[in-house]
Every structure is written in C-alpha cells, then in structure tokens.
Amino acid sequence: MPTTDAQIELVRELVARIPPGQVATYGDIAAAAGLSTPRTVGWIMRTDSADLPWHRVLGAGGKPAAHLAQRQLRRLAEEGVPIRDGRVDLRGARFRFPELGD
C-alpha cells in the first residue's frame, strides 16, 4: 500500500516535536503514526526531512545511520544527548510520544 500524503505529514509533525536533547527511534515514530513498519519512516526521512531535526531519529539500538554517524552524533552531543560507544543511551534520552500512552 502506498504511503499517503497524510502519513508523510504526520511523520513530519512527529519528528518536528522531538525536543533538543531527546531522540526517538524509527519504530517509535511508526507506532505513534500508526504505520505498519519503521521502514516507512526511514523512507520519509530520506526523501523529506531536510527542514526537520533529522538527527534526533535513530535505529532501535540507538545507533545512527552509518553514512551520517559522525555528523549525527556530534549534533546530538551538542544538545546534551548521552552517547556511549557510538550509540545514544535511549534510556536517558528517549522522547515519549503521548499518543503511545508512555
């Protein structure tokens, strides 16, 4: 099933809400948006996130995308996000979307 414009806009809204110093995973955003897979969020982020805080979105293990790792981790560190061994400590920095009842 193709991704709708409404789904794209919802993902963009969710990413825009992640405050400085916090992060979310692709799966967190997919769940909050009601999408069936985090891969859809990844696709949206690859194609339409230049004006968003893209650096605050990570894989489930807290690891940044390999091709963006240094830049992404530097930006997160500047915001005070806890980073250990090239990964973000999700326990200390994960943003909780109210939609998920967290």
Side-chain angles (χ1 to χ4, degrees):
M1 177 175 359
T3 304
T4 67
D5 288 345
Q7 289 170 319
I8 292 169
E9 286 310 308
L10 179 54
V11 165
R12 288 178 48 76
E13 265 179 48
L14 292 167
V15 172
R17 286 177 29 205
I18 305 167
Q22 293 190 297
V23 298
T25 67
Y26 293 100
D28 295 337
I29 295 166
L35 299 172
S36 61
T37 176
R39 288 175 189 251
T40 303
V41 175
W43 175 82
I44 292 168
M45 294 296 294
R46 276 191 307 279
T47 59
D48 192 22
S49 69
D51 61 333
L52 296 173
W54 59 268
H55 60 286
R56 297 181 189 142
V57 182
L58 300 158
K63 199 168 182 184
H67 67 289
L68 297 170
Q70 288 184 336
R71 193 165 132 212
Q72 189 170 14
L73 290 174
R74 180 178 33 81
R75 289 185 74 172
L76 291 171
E78 288 169 358
E79 293 183 0
V81 172
I83 298 168
R84 289 189 191 89
D85 298 323
R87 291 178 189 265
V88 169
D89 178 2
L90 292 174
R91 288 177 303 212
R94 192 177 222 155
F95 179 70
R96 301 295 183 185
F97 291 99
E99 294 86 342
L100 300 177
D102 292 335

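These numbers come from the heavy atoms of this one structure, side chains and all, not from hydrogens, waters or symmetry mates.
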Can you find a heavy atom in the side chain of Val57 that is under 4.5 Å from one in the side chain of Val23?
no
Which atoms form the tightest heavy-atom contact between Ala65 and Gln72, and what is the distance?
N-OE1, 3.6 Å
With a 4.5 Å cut-off on side-chain heavy atoms, are Thr40 and Thr37 touching?
yes
Residue pair Leu14 / Ala32: nearest heavy atoms and the distance that separates them:
CD1-CB, 3.8 Å
Value rounded to 0.5 Å, distance of CG in Leu68 from CG in Leu73
10.0 Å
Taking all non-hydrogen atoms of both residues, which atom of Pro64 and which atom of Gly86 are closest, and how far apart?
CD-O, 3.5 Å
Is any NZ, NE, NH1 or NH2 atom of the basic residue among Arg12 and Asp51 found under 4.0 Å from an Asp or Glu carboxylate oxygen of the other?
yes
Distance check, rounded to the nearest 0.5 Å: Leu76 atom CG versus His55 atom NE2?
5.5 Å
Between Arg56 and Glu79, does a side chain to side chain contact (heavy atoms under 4.5 Å, CB included) hold up when you go through it step by step?
CA-CA 10 Å; Arg56 297 181 189 142; Glu79 293 183 0; 2.8 Å; yes
What about Phe97 and Leu58, same hydrophobic cluster or not, with Ile/Leu/Val/Met/Phe/Trp/Tyr joined at side-chain heavy-atom distances under 4.5 Å?
no
According to a 4.5 Å side-chain heavy-atom criterion applied to Ile, Leu, Val, Met, Phe, Trp and Tyr, with indirect links allowed, do Val88 and Tyr26 form part of one hydrophobic cluster?
no
Given Ile29 and Ile18, is the side chain to side chain contact (heavy atoms under 4.5 Å, CB included) satisfied, shown in steps?
CA-CA 10 Å; Ile29 295 166; Ile18 305 167; 4.3 Å; yes
Can you confirm whether more than 12 heavy atoms, excluding those of Glu78, are under 6.0 Å from its CD atom?
yes
Which atom pair, heavy atoms only, marks the closest approach of Leu52 to Ala16?
CD2-CB, 4.0 Å
Has Ser49 got a side-chain atom pairing as donor or acceptor with Arg46's backbone, closer than 3.5 angstrom?
no
Reported CH2-to-CZ distance for the pair Trp54 and Arg71, which is rounded to 0.5 angstrom
4.0 Å
State whether the number of non-hydrogen atoms from other residues, nucleotides or ligands found under 6.0 Å of Arg39 atom CZ is greater than 12.
no
Phe95 reachable from Val81 in the ILVMFWY side-chain graph, under 4.5 Å edges
no
Heavy atoms only: give me the nearest Pro82-Ala93 pair and the separation to one decimal.
CD-CB, 3.8 Å
State, to 0.1 Å, how close Ala33 and Val11 come at their nearest heavy-atom pair, and which atoms those are.
CB-CG2, 4.2 Å
For the OG1 atom of Thr25 and the NZ atom of Lys63, what is their distance to the nearest 0.5 Å?
16.0 Å
Given 3.5 Å as the limit, does a donor-acceptor pair link the side chain of Gln7 with the main chain of Thr4, or not?
yes
With a 6.0 Å cut-off (strictly less than), is the heavy-atom count around CG of Asp5, excluding the residue itself, greater than 12?
no
Please determine whether a side-chain nitrogen of the Lys or Arg among Arg91 and Asp89 lies less than 4.0 Å from a carboxylate oxygen of the Asp or Glu.
yes
Rounded to the nearest 0.5 Å, what's the gap from CG on Asp48 to CD on Glu9? Could you check?
7.0 Å
